[in-house]
Amino acid sequence: MSSLPSTSPSTPDKDARLAQLTAWLGTLDLVDTGSLRPASSDASFRRYYRLDVVPALRDKLGATLIAMDAPPERENVPAFIHVAGLLFDAGVTVPAIVARDVDNGFLLLSDLGTTTYLQRLDVDNASFMYSDAVDALIKFQMTSQPSVLPEFDRAFVLREMNLFPEWFIGRHLNATLNDIQQAQLDKVFEAITANVLAQQQVFMHRDFHSRNLMFLDQGNPGVLDFQDAVFGPVTYDLASLLRDAYIQWDEEFVLDWVVRYWQSAKGAGLPVNPDIDAFYRDFEYMALQRHLKILGLFCRLNYRDGKNVYMGDLPTVMDYVRKTANRYTELKPLARLLDTLEEKGPQVGYTF
């Protein structure tokens, strides 16, 4: 449940689902259906509504609850329920499931409030807020087991990165790679894939960032949007958190928090690379894989789905991509390719 501009139903299909959701909620005698209003919208087909709890149940359930509308042909409600259980069992704060109609894709959830990390983060509070987030991440990772969640395998890694040539290069830049450029990009993709698949595997949220973390006075943070969790590289969620597409920090701050995570994770017995320099390299390669996916994904959301709100975040993501590509010899062809496609001169970088 990312905190994005709220959207109202605008098609007959959405109106029909809203009527169906309202009818189901009316059978529960838990909320005032007349109080239903948009809570947030996100990059998926899910929609969220906030409702007032009936007065007699407010002491037990709180003042408001969140109704989730997840069309079953588009969204995986059983996966949401499954991962919510994994996170809860790990001691991470997630919305409690108050009522469910899985067949129709409806859930009634506890309300974790309206304050995302993105809305609250600043230079003064970032250290304690990221400390809480890292603690929650480690709790989740400590419960990891294979064969519980889908595997983030080679096909998965490449499927994500291939959004970049299709939607960013092809659709956004309206460019076509020649054979030499395609071979260079393939080689960079192979270098990234080899690195991330060689990393140790843990439970992976996949979208562990400032729009999916809710600031709470107790049990901070509340974690949302976890239904796409997989079993994958140990640095992925840390990269999502610290190389966030929506908020950017100085490199010194990021490096400091990577080291802090690494020390805590190592102390907890998580399978992180024992060498901090190698771990940081893993973190950078993982972040790059994610950012290439995001460049393509944001463009697809704009051009295919009519959701243009993400386009303003492209410069931040591209800045991450360029800086990382310029730091490593085997990734520099990506930086040169971007220079050619965007007709910009080379930027200063460092080779590790």
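Note that this is a predicted model, so its numbers are computed, not measured.
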* Taking the six-membered ring of Trp257 (Phe, Tyr or Trp), confirm whether the NZ or CZ of Arg260 is under 6.0 Å from its centre and within 45° of its axis. => yes
Item to check | Pairwise side-chain contact, Ile97 with Leu109, heavy-atom cut-off 4.5 Å (strictly under) | outcome: yes
Exactly one candidate in Trp249, Tyr117, Tyr261 meets side chain to side chain donor-acceptor pair (under 3.5 Å) with Tyr130; the answer is Trp249
Original post:
Is Arg46 paired with Asp225 through a side-chain N to carboxylate O contact shorter than 4.0 Å?
Top reply: yes
**Asked** Does the distance from a Lys or Arg side-chain N to an Asp or Glu carboxylate O, for Lys323 and Asp319, drop under 4.0 Å?
**Response** yes
Tightest non-hydrogen contact, residues Val83 and Ala229, listed as CG1-CB, 3.8 Å
Is any side-chain heavy atom of Pro38 less than 4.5 Å from a side-chain heavy atom of Tyr48? no
Quiz item: What about Val123 and Leu255, same hydrophobic cluster or not, with Ile/Leu/Val/Met/Phe/Trp/Tyr joined at side-chain heavy-atom distances under 4.5 Å?
Solution: yes
ask   = Going by atom types only, do Asn308 and Asn302 share a side-chain donor-acceptor pair under 3.5 Å?
value = no
Given the side-chain rings of Phe208 and Phe226, with only the six-membered ring counted for Trp, is the space between their centroids under 6.0 Å?
no
- Message: So that I can tick it off, tell me whether Lys332 and Asp339 are bridged by a salt bridge, with the cut-off set at under 4.0 angstrom between side-chain N and carboxylate O.
- Response: no
### Message
Do the side chains of Arg50 and Asp111 get close enough for a salt bridge, i.e. N-O under 4.0 angstrom?
### Response
yes
Exercise. Side-chain contact test, heavy atoms from C-beta onward, threshold under 4.5 Å: evaluate it for Met318 versus Phe168 and give yes or no.
Key: yes
> Between Asp52 and Arg37, is a salt bridge (Lys or Arg N to Asp or Glu O under 4.0 Å) present by the stated rule, with each step listed?
Replying inline: CA-CA 10 Å; Asp52 297 334; Arg37 63 268 193 194; 3.0 Å; yes
Mind running salt bridge (Lys or Arg N to Asp or Glu O under 4.0 Å) on Arg281 and Glu330 for me, showing each step along the way?
-> CA-CA 12 Å; Arg281 186 177 190 272; Glu330 64 181 346; 2.9 Å; yes
(request) Describe, in one word, how the ring planes of Phe203 and Phe231 are oriented to each other, choosing from parallel (under 30°), tilted (30 to 60°) and perpendicular (over 60°). (result) perpendicular
Check whether Ile180 and Leu334 end up in the same hydrophobic cluster, where Ile, Leu, Val, Met, Phe, Trp and Tyr are linked by side-chain heavy atoms less than 4.5 Å apart.
no
Side chains of Ser144 and Gln141: do they bring a donor and an acceptor to under 3.5 Å?
no
Val234 and Pro271 have their tightest heavy-atom pair at CG1-O, 4.3 Å
- Task: Indicate whether the side chain of Gln182 and that of Asn178 have a donor and an acceptor atom separated by less than 3.5 Å.
- Result: no
Above 12 or not: heavy atoms from other molecules or residues under 6.0 Å from CZ of Phe88? no
Self-check item: Any His291 side-chain heavy atom under 4.5 Å of Val317 side chain
Solution: yes
Residues Arg206 and Asp228: closest non-hydrogen pair is CD-O, 3.0 Å
* More than 12 heavy atoms from other groups under 6.0 Å of CG on Asp122 -> yes
query: Can a salt bridge be assigned to the pair Glu284 and Arg243 using a cut-off of 4.0 Å between side-chain N and carboxylate O?
result: yes
ask   = So, Tyr246 versus His209, ring centres under 6.0 angstrom or not?
value = yes
**Item:** Heavy-atom side-chain contact between Asp69 and Leu18 under 4.5 Å
**Value:** no
Cationic N near anionic O, under 4.0 Å, Asp207 to Arg290 = yes
- prompt: Heavy atoms, side chains only, cut-off 4.5 Å: are Phe298 and Asp313 in contact?
  reply: yes
Heavy-atom nearest pair, Val157 first then Gln289, reads O-NE2, 3.3 Å
Within a radius of less than 6.0 Å around CZ of Arg304, do more than 12 heavy atoms belonging to other residues, nucleotides or ligands occur?
yes
Under 3.5 Å side-chain donor-acceptor pair for Asp244 and Tyr320
no
Taking only Lys NZ, Arg NE, NH1 and NH2, and the carboxylate oxygens of Asp or Glu, determine whether Arg47 and Glu75 approach each other closer than 4.0 Å. no
Would Tyr285 and Tyr328 count as a ring pair (Phe, Tyr, Trp, His ring centres under 6.0 Å) if you check the C-alpha gap in whole Å, the side-chain angles of each, and the deciding distance to 0.1 Å? CA-CA 10 Å; Tyr285 272 62; Tyr328 299 93; 5.3 Å; yes
Minimal heavy-atom distance between Cys299 and His172, with the atoms involved, is SG-CB, 3.6 Å
Judged by modelled atom types alone, do Tyr236 and Gln201 share a side-chain donor-acceptor pair under 3.5 Å?
-> no
